[in-house]
Colleague: 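If you scroll down you'll find the structure; I have some questions about it.
Both backbone and side-chain heavy atoms feed into the values below; hydrogens, waters and symmetry mates do not. Along the sequence shown, residues carry numbers from 1. A quick note: this is a predicted structure, and the numbers were derived from the prediction, not measured.
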Amino acid sequence: MIVYHLCPAADVPRFLTEGLSRAEGRHYVFDRWEDVQSIFAALDAAAPDGALEHVVLVLDLDRDMLVSAPIAPRRLPPTLPAQDLARLQARSRFPEVDVSARRIRDVKNAHGDSVRALRTARTRARRGVALPGLRAPLLEVRRRRDRRRPHQVPRTARFPVDAQGPA
């Protein structure tokens, strides 16, 4: 079951690596995109940049992982209309277990566009270039070449030739 969790944009890299922990409090989710849109509209009415500071995590959860519970009014924007507030309170749920990062399917902005590539931390290490016919990547060859002992250094490197020639 696909559900949506509204969260601050600054927390996304941590959620993508660690997941959502129950120790941080309840992470309320909605199974309808229109519920998230009403919260975004209220955030935008409260502060023009309020909606830009939040994103939506798209989670793939099982029904038995979710518990229905109303959202605390302090966690909702004050400009939310009364009918939207009642609808959100009736439809809100939260996971009763920790949610692993593998269950996060996407990160979306207020328009529904995927922004996961922009929010993921780039932590991959650079690798050497593997050329056809070589057993080790080029970067490994360079590292091995730098570890040579003085007697293994080529002769031209030990005895540089003077530009004027031999004396």
Colleague: Could you work out, with side chain to side chain contact (heavy atoms under 4.5 Å, CB included) as the rule, every residue matching Ala42, not counting sequence neighbours?
Modeller: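 Result, side chain to side chain contact (heavy atoms under 4.5 Å, CB included) vs Ala42: Pro77, Thr79, Leu80.
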
Colleague: Closest heavy-atom contact between Ala69 and Phe94?
Modeller: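 Looks like CB-CE2, 3.5 Å.
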
Colleague: Let me see the working for Leu88 and Ser38 under side chain to side chain contact (heavy atoms under 4.5 Å, CB included), right down to the final yes or no.
Modeller: CA-CA 9 Å; Leu88 290 174; Ser38 64; 4.0 Å; yes

Colleague: Flag the pair Arg32 and Asp35 as a salt bridge only when some basic side-chain nitrogen lies within less than 4.0 angstrom of an acidic carboxylate oxygen.
Modeller: no

Colleague: Any carboxylate oxygen within less than 4.0 angstrom of a Lys/Arg side-chain nitrogen, looking at Arg26 and Glu96?
Modeller: no

Colleague: Donor-acceptor pair, distance only, cut-off 3.5 Å: does the side chain of Arg103 make one with the backbone of Asp60?
Modeller: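 Side chain of Arg103 to backbone of Asp60, a donor-acceptor pair under 3.5 Å: yes, one is there.
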
Colleague: Which pair of non-hydrogen atoms, one from Ala10 and one from Pro13, has the smallest distance, and what is that distance?
Modeller: O-CD, 3.6 Å

Colleague: Do NZ/NE/NH1/NH2 and the carboxylate oxygens of Arg91 and Glu34 come within less than 4.0 Å?
Modeller: yes

Colleague: When you check the gap from the basic side-chain N to the acidic O, do Arg116 and Asp106 get nearer than 4.0 Å?
Modeller: no

Colleague: Do the non-hydrogen side-chain atoms of Glu18 and Asp98 ever get within less than 4.5 Å of each other?
Modeller: no

Colleague: With side chains defined as the heavy atoms from C-beta onward, is the minimum distance between Arg22 and Pro95 less than 4.5 Å?
Modeller: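 Result no, sub-4.5 Å side-chain heavy-atom pair not found.
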
Colleague: With the side chain counted from C-beta on, respond yes when Leu66 and Met1 share a heavy-atom pair under 4.5 Å apart, and no when they do not.
Modeller: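 Result yes, sub-4.5 Å side-chain heavy-atom pair found.
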
Colleague: Among Leu6, Ile71, Val3, whose side-chain contact (heavy atoms from CB on, under 4.5 Å) with Phe30 holds?
Modeller: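 Single pass found, and it is Ile71.
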
Colleague: Hey, mind stepping through Val58 and Ile2 against side chain to side chain contact (heavy atoms under 4.5 Å, CB included) and telling me if it holds?
Modeller: CA-CA 7 Å; Val58 180; Ile2 298 294; 3.6 Å; yes

Colleague: How many angstroms lie between atom CD1 of Ile39 and atom CG of Asp44, to the nearest 0.5 angstrom?
Modeller: 13.5 Å

Colleague: For Val99, does its backbone N or O pair with a side-chain atom of Arg102 as donor and acceptor, under 3.5 Å?
Modeller: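 Checked: no pair found.
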
Colleague: Below 4.5 Å, heavy atoms only, C-beta onward: do Asp113 and Lys108 meet side chain to side chain?
Modeller: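 No, every pair of side-chain atoms sits at 4.5 Å or beyond.
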
Colleague: Check whether any side-chain heavy atom of Tyr4 lies under 4.5 Å from a side-chain heavy atom of Leu57, and answer yes or no.
Modeller: no

Colleague: What residues, two or more places apart in sequence or in another chain, satisfy ring pair (Phe, Tyr, Trp, His ring centres under 6.0 Å) together with His5?
Modeller: His27

Colleague: So Cys7 and Val12, do their side chains get closer than 4.5 Å, heavy atoms only?
Modeller: yes

Colleague: Side chains of Leu59 and Arg105, heavy atoms from C-beta outward: is any pair under 4.5 Å?
Modeller: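 They are not in contact (no side-chain heavy atoms under 4.5 Å apart), so the answer is no.
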
Colleague: Anything under 30° is parallel, anything over 60° is perpendicular, the rest tilted; go ahead and classify Phe40 against Trp33.
Modeller: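 Geometry flag for Trp33 against Phe40: tilted rings.
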
Colleague: With distance as the sole test, does Asp62 use its side chain to make a donor-acceptor pair with the main-chain N or O of Met65 at under 3.5 Å?
Modeller: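 A pair under 3.5 Å: no.
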
Colleague: Might you work through the side chain to side chain contact (heavy atoms under 4.5 Å, CB included) test for Tyr28 and Arg75, ending with a clear yes or no?
Modeller: CA-CA 10 Å; Tyr28 289 98; Arg75 297 187 73 177; 3.4 Å; yes

